[in-house]
Amino acid sequence: MNRISARMIVFYKWIAPATGLLILAVTSLQWSKSEGAWPWYFWVFLAAAAIAAAMHGVKMGRLADEVVDHGDYLRVRRGSIEESIPIADIEKISSSHAFRPARVTLLLRRPGRLGDRVSFIARENWLGFYVESAAVIELRQRIALKKIHDEFVGADGIRGSG
C-alpha cells in the first residue's frame with residue numbers, strides 16, 4: 001500500500017487560493033481608498049477575483065483527494081466518493097506539466113463513479129515538482145507491462161486468446 005498522490009491537496013485546493021484571494025481583496029481595498037484611485041477600481045478587482053476563483057475551481061475542483069496504490073488496483077477518493085480502480089482498467093496515464101504542481105490524469109477503459117478520467121497531483125520526488133514522480137513512472141511501467149501481457153497471453157490467462 002503506497003500513496004502516490006500528494007499529501008498537500010488541501011493546501012492546493014483551498015488554502016493557497018483563499019490566501020491569494022484575501023491578498024487581492026486587501027490590496028484592492030487599500031488601493032481604492034488611497035488618493036487618486038479610480039472609484040470603480042475595487043469592483044474591477046472583485047470581478048477579477050471572481051474570475052480567478054472560477055478558473056481555479058475548473059482547474060483544481062475535480063482533482064482526487066487521495067490515490068493509494070494497492071498493487072493490483074488503485075483506491076481513489078474525491079470527497080466522500082471512494083472507488084477501487086483495477087490496474088487493468090487504466091488505458092493511459094498522461095501528465096500535464098504546464099502548471100505547477102504537475103497534474104496526472106488516468107484515462108479509464110470503463111467509467112466509474114468518478115468518471116472516465118481521474119486526475120490527481122502526484123507525490124513529489126526529492127528533486128521537487130520539476131521531474132516526474134517516481135511513483136507515476138512505476139505505475140506507467142506496470143500498466144504497459146499489463147497491456148503487453150494481455151496482448152500476448154490474453155486477459156483471461158489463455159495463451160493467444162487476447
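All heavy atoms count here, side chains included; hydrogens, waters and symmetry mates do not.
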**Message:** Atom CG of residue position D116 - does it have more than 12 heavy atoms of other residues, nucleotides or ligands inside 6.0 Å?
**Reply:** yes
message = I'd like to know if R78 pairs up with E83 as an ion pair, taking the criterion as any Lys NZ or Arg NE/NH1/NH2 lying under 4.0 Å from an Asp or Glu carboxylate oxygen.
response = no
Minimal heavy-atom distance between F120 and I4, with the atoms involved, is CE1-O, 3.8 Å
In terms of heavy-atom contacts, R109 and I90 come closest through NH2-O, 3.9 Å
Check: Are V68 and V76 side-chain neighbours, meaning at least one heavy-atom pair lies under 4.5 Å?
Finding: no
task: Indicate yes or no: does R110 engage D89 in a salt bridge with an N to O separation below 4.0 Å.
output: yes
query: Can you tell me if CZ on R3 sees more than 12 non-hydrogen neighbours from other groups inside 6.0 Å?
result: yes
Note to self: A side-chain contact here means heavy atoms from C-beta on lying under 4.5 Å apart; do I9 and I121 qualify?
What the structure shows: yes
*asked:* Assess whether a salt bridge exists between D69 and R142, defined as any Lys/Arg side-chain N lying under 4.0 Å from an Asp/Glu carboxylate O.
replied: yes
Of all heavy-atom pairs linking H56 and Y12, the shortest is CE1-O, 3.2 Å
Problem - D65/R77 salt bridge by N-O under 4.0 Å criterion - result: yes
>> Between K13 and L63, is there a side-chain heavy-atom distance shorter than 4.5 Å?
In response: yes
